[in-house]
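Convention: sequence-line order gives letters A, B, ...; per-chain numbering from 1. No experiment lies behind these values; they were computed from the predicted model shown.
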Protein chains: 2
Amino acid sequence: MVNLADVARQAHVSKMTVSRVINHPNQVSDEVRDLVNQAIKAVGYQPNRIAKALVNQQNYVIQFIVLEDIATVEPNYAILLLEIAEVLNQKGYTLEISTILEPNSHVDGLIVSGWRDSDLERLSAINVPMVLYGQAPTWYDLPYVDVNNRMGTSLATTHLIEAGYKKVIYIGMTMALPFVWEREQGYLETMAKHHLVSRTYDVSNHSHDAEKLIQNIIAHLPKNTGIVCATDRIALGVVRALKAQSQIPENYGVVGFDGVFIDQITSPKLTTIKQPFRQLANTLVSNLLNQLHHSELKMELIQPRLVKRDSTRQV
Amino acid sequence: MVNLADVARQAHVSKMTVSRVINHPNQVSDEVRDLVNQAIKAVGYQPNRIAKALVNQQNYVIQFIVLEDIATVEPNYAILLLEIAEVLNQKGYTLEISTILEPNSHVDGLIVSGWRDSDLERLSAINVPMVLYGQAPTWYDLPYVDVNNRMGTSLATTHLIEAGYKKVIYIGMTMALPFVWEREQGYLETMAKHHLVSRTYDVSNHSHDAEKLIQNIIAHLPKNTGIVCATDRIALGVVRALKAQSQIPENYGVVGFDGVFIDQITSPKLTTIKQPFRQLANTLVSNLLNQLHHSELKMELIQPRLVKRDSTRQV
DNA sequence: TTGTAGGCGTTATCAG
DNA sequence: CTGATAACGCCTACAA
C-alpha cells in the first residue's frame, strides 16, 4: 500500500507537506504543490480513509436505517438507496444500511426511513445527527425531508378537474400515517377551492382491495369521473377494475402517486405524481451534512411532479 | 469516547490485557478476565472499528456494486440489498453501495451484480476478493452465486405438465445473458424428457410486449396450454392479455419467475419460481468471507422454489 | 500470564 | 512556507 511517506520520499519533501497539498493546498507554495501532485500521480497514491478517520475522530459513515418491513414496501427503496449511496460516495462518505436502530455504533449520521410515530420518542433521544425521510410532527424538532404530499394530490386533483372530469373522488389508505393525511388534505383543499363536492374512500394499500372497492361502487360511479389515488398500488387496482370496459381515459381518469415501477407496468400506463428520488436523495444528504458541519436543523419539503400518461385525458 | 485505556484503568490492568480479553480470551487467567469484563460493562466500552481496521489493515467494508441501470431492474435489489446488509452487519462488516467499478478503493471484498459479459475481463483483472451475483462462464474462474435458473424453469414446466396442460410453450427474453439461456434450457430439457414438442417465443422484458405477443398468437394457442415465462414481468403481460376472457387457470396456465413484488400485484396472483433472496444473501456473504479468511474459490447454485398460486390449476 | 514498546497512516500543533 | 513531533485507538512482537 502506497502511503504519504512514499509520496514524500518521491517528492523529496516531508509527509506533512504532502498532507497539506491534499487538504490545504493554499498553504503550500506553487512549485512544491506541483511537485507533490506529480509525485502523487507517479506513485499512484490514494489517501487511506481509515487512518484519516482515526485521527479525525470521524468514520465518514452514514447509516441508512429502514424501520419498516422492506418486503412490503416495494421498489421505492432500491432507487432511493442507490441515489443516496451515489451522492454520499461522491462526498467521501460511505453508506451503511441497517434495519435496526442501534445508536451505539460509530456512525457520523443517520438517515431514518419507515419510522412510525411510536419511534419518534426513541429517535429524539439519540444524540447522533440525523434526518428523517418523511414529514414528522414539528414538536419533536427532528429535521426531516419529504416530498410535498399535499401538493402532490393537489396537482393530481387539479389535473383531473382541468381535464374535464365532472366528479372527482379520492381513494386513500386506512393507515394512520402523517403522509396519508397530507395526501388526503391535498385533495380536499383543492376540491374546496374549486367549490366541488368531495368524496373519499379508504382501502388498505393493496391493488386487490382497490379493485374490489371499484367493483362494489362502480354502479354509483357516473361516467366522466376522475379518481385520485393515494398510491400507484391503489391506482393499479382501480385501473384493473375499470379496464374490463376499457373506459380509461374516456369515462374515467385515474391518477396515482409515487411514480416508481408500478406506474410503468399498468395498462394503460398511469398518470401519476412522481416522487423526485434523485432530488430527495440529494436533499437528504445535504441536510445531514449541513448538520454535521454547520449544525443547522432544517425541515424540507420537495415538490413532486405530475407525469401525464394514458390513464387520464390529455388536456 | 471510552477506549481500551479507560477500561484498563478501571480494571487496574494494562491495555493489552483488555485487548486480549476481547480477542484471545483464553490467553488470560479466569479472574482477570472476569474483572476486565466487568470493567468493560461498567464503563460501557465498545471497540473502535476504525482503530482496529487501521492496525489490521482491513476496512471491514464490503462493496456491493450494481453495474446495471437500477431504474429498469425493478424491486429485486432492495430486498437483496437489505438482506446482505443485515448478514454483513451481524458479522461486523459494513456494506457499501456503489454504482461504479473503481477497484482502487479500500474495500475488503466486492459483491458484483448486474454485470455483462463485457465486464468480466475487467473484473478478473481486479485483485480484490469478489463474488459475482449471477452465473459466469467458468473460464474466468470468478466465484459466483446464483439461483439455479435451469432448475427453476424445469420446475415450472413440470408443474404445468403435471397440472394437465396439454401444450406447454415458453416465452423468453431477447437479451443475450447467461441466465436467459439457462432458463430456456430448463424448459427445453424438461419438455424433451417428457417427449413433448417445445415451442419458444422471445420478447423484451416488458409486460406490454408480452401482452402484444399473446394478442398476436392467441388465435394459434389452443385451449389447455401452459405458458412458462422467463420473468414475472413477462408473465404479467401474459396474464393481462389472457385476463379479458378470464380463462386463467382453466384454459391457460401461467408461471412466472423471480417472485418479487410483481407476482403479488397481478390478478390472478401468479404462480411463480421464487428466488430465495435471504438464502442468496447468506450464500453471497459467506462465499466472500470464506475467500477472505480461507481463500477458497467456490461457485454455488441455489435452488429456487415453486410457489403455486392462482394462475395455474391446482393439481 | 501479563506488560512494554512500537507502529498502522494520517493530521494538528508548534517551531523554525 | 515547511518540517518534526505527538496523538488517534488498537494490536503484534517481544520481554519479564
Separation of [N] [atom2] from [X] [atom1] (nearest whole Å):
| X | N | atom1 | atom2 | value |
| --- | --- | --- | --- | --- |
| A:Ile22 | D:dT2 | CD1 | C1' | 16 Å |
| B:Asn59 | D:dC10 | CG | P | 17 Å |
| A:Glu31 | D:dC1 | CD | P | 11 Å |
| B:Asn23 | D:dC10 | CG | P | 10 Å |
| A:Asn26 | D:dC1 | CG | P | 8 Å |
| B:Arg33 | C:dT1 | CZ | P | 10 Å |
| A:Asn3 | C:dC8 | CG | P | 8 Å |
| A:Arg20 | C:dA15 | CZ | C1' | 11 Å |

Distance check: side-chain N/O of [X] vs OP1/OP2 of [N], anything under 4.0 Å?
| X | N | result |
| --- | --- | --- |
| A:Asn48 | C:dC8 | no |
| A:Asn56 | D:dC8 | no |
| A:Tyr60 | C:dT10 | no |
| B:Ser29 | C:dT2 | yes |
| A:Gln57 | D:dA7 | no |
| B:Thr17 | C:dT2 | no |
| A:His24 | C:dA12 | yes |

Five pairs at each end of the helix from C:dT1-D:dA16 to C:dG16-D:dC1: take the axis at both ends and give me the angle between them to 10°.
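That helix has its two terminal axes inclined by roughly 40°.
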In terms of the nearest nucleotide of DNA chain C, which residue is placed more toward the 5' end: B:Val55 or B:Val32?
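The residue whose closest nucleotide sits nearer the 5' end is B:Val32.
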Does the side chain of A:Gln275 come under 3.5 Å of the side chain of A:Asp258 through a donor N or O and an acceptor N or O?
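A pair is found: one side chain offers a donor N or O, the other an acceptor, under 3.5 Å apart.
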Decide whether B:Thr283 and B:Glu300 meet the rule of one side-chain donor and one side-chain acceptor closer than 3.5 Å.
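No.
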Do the side chains of A:Leu142 and A:Val131 get nearer than 4.5 Å, heavy atoms only?
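They are not in contact (no side-chain heavy atoms under 4.5 Å apart), so the answer is no.
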Side chains of A:Leu288 and A:Val285: does their closest heavy-atom pair fall under 4.5 Å?
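With C-beta onward as the side chain, the pair stays apart.
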Chi angles and distances behind the side chain to side chain donor-acceptor pair (under 3.5 Å) call for A:Arg33, A:Thr17
CA-CA 8 Å; A:Arg33 189 180 336 123; A:Thr17 302; over 6 Å; no
CG of B:Asn148 to CD1 of B:Ile302: how many Å apart, nearest 0.5 Å?
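Reported to 0.5 Å precision, the distance equals 9.5 Å.
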Could you state the interatomic distance from CG (B:Leu80) to CZ (B:Phe64), rounded to the nearest 0.5 Å?
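That separation rounds to 5.0 Å.
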Looking only at side-chain atoms of B:Lys52, point me to the closest of C:dT10, D:dC10, C:dA12.
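That would be D:dC10.
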What I want to check is whether an N or O donor and acceptor connect the side chain of B:Arg49 with the base of D:dG9 at under 3.5 Å.
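Looking at the base of D:dG9, it does not pair with any donor or acceptor on the side chain of B:Arg49 (distance under 3.5 Å).
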Under 4.0 angstrom, heavy atoms only, what part of the nucleic acid is B:Val28 near: base, sugar-phosphate, or nothing?
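Sugar-phosphate, no base atom in range.
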Any chance you could lay out the salt bridge (charged side-chain N to carboxylate O under 4.0 Å, His left out) test for B:Arg116 and B:Asp119, step after step, and finish with the verdict?
CA-CA 5 Å; B:Arg116 301 286 149 116; B:Asp119 297 315; over 6 Å; no
